[in-house]
Structure formats: C-alpha cells, structure tokens
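What follows is a short report on a single structure.
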Amino acid sequence: MTSLSEIERDAALAAAWPALARAASLVATPPLRNMGTVGGNLCLDTRCSYYDQNRNGGRPSASA
C-alpha cells in the first residue's frame, strides 16, 4: 500500500489531484504519515468524541 507521505510527495499526483496531496500532508505527524495509508484511514472506525456523536450524546445508530 502507498503511504500518506508518498502521496504527499508525488509530483504527478499533486498535479492531477492537488486536494488529495494536500489532505495527505495534513494527516497526523510525519512519522504517522510514513506508516499510514489512505486505505487504513478509510477503514478506521473513528473514536473522535466530537465527530462520532448523535443528537442524544451516544454513538450513531446504523439508521442515522
């Protein structure tokens, strides 16, 4: 798999999809970007307590 830092540094990719290259550069810190992949981020079940809330304060339901 391609690491986030490889995506961040790829000139051809940055020319074709600048937003993707920019987004990859904003993920975490450089050591984590060296290990992380887009696939890993897409498959991540987020644990962010702000983002992962429903209106009642709990985890979102499958129907939400």
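All values below were derived from every heavy atom in this structure, side-chain atoms included, with hydrogens, water molecules and symmetry-related copies excluded.
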query = Can you tell me how far the CG atom of Leu13 sits from the CD atom of Glu6, to the nearest 0.5 Å?
reply = 11.0 Å
request  = State the CZ-CZ distance between Arg9 and Arg33, to the nearest 0.5 angstrom.
outcome  = 9.5 Å
key: Heavy-atom pair with the smallest gap, counting every atom of Ser25 and Arg22   = OG-O, 2.6 Å
ask   = Any idea which heavy atoms bring Ala21 and Ile7 closest together, and the distance?
value = CB-O, 4.1 Å
request  = Report whether Leu20 and Leu32 are members of the same hydrophobic cluster (ILVMFWY, side-chain heavy atoms less than 4.5 Å apart, transitive linking).
outcome  = no
ask   = Do you see a donor-acceptor pair shorter than 3.5 Å between the side chains of Glu8 and Ser5?
value = no
ask   = Taking C-beta and beyond as the side chain, do Leu4 and Val38 meet within less than 4.5 Å on heavy atoms?
value = yes
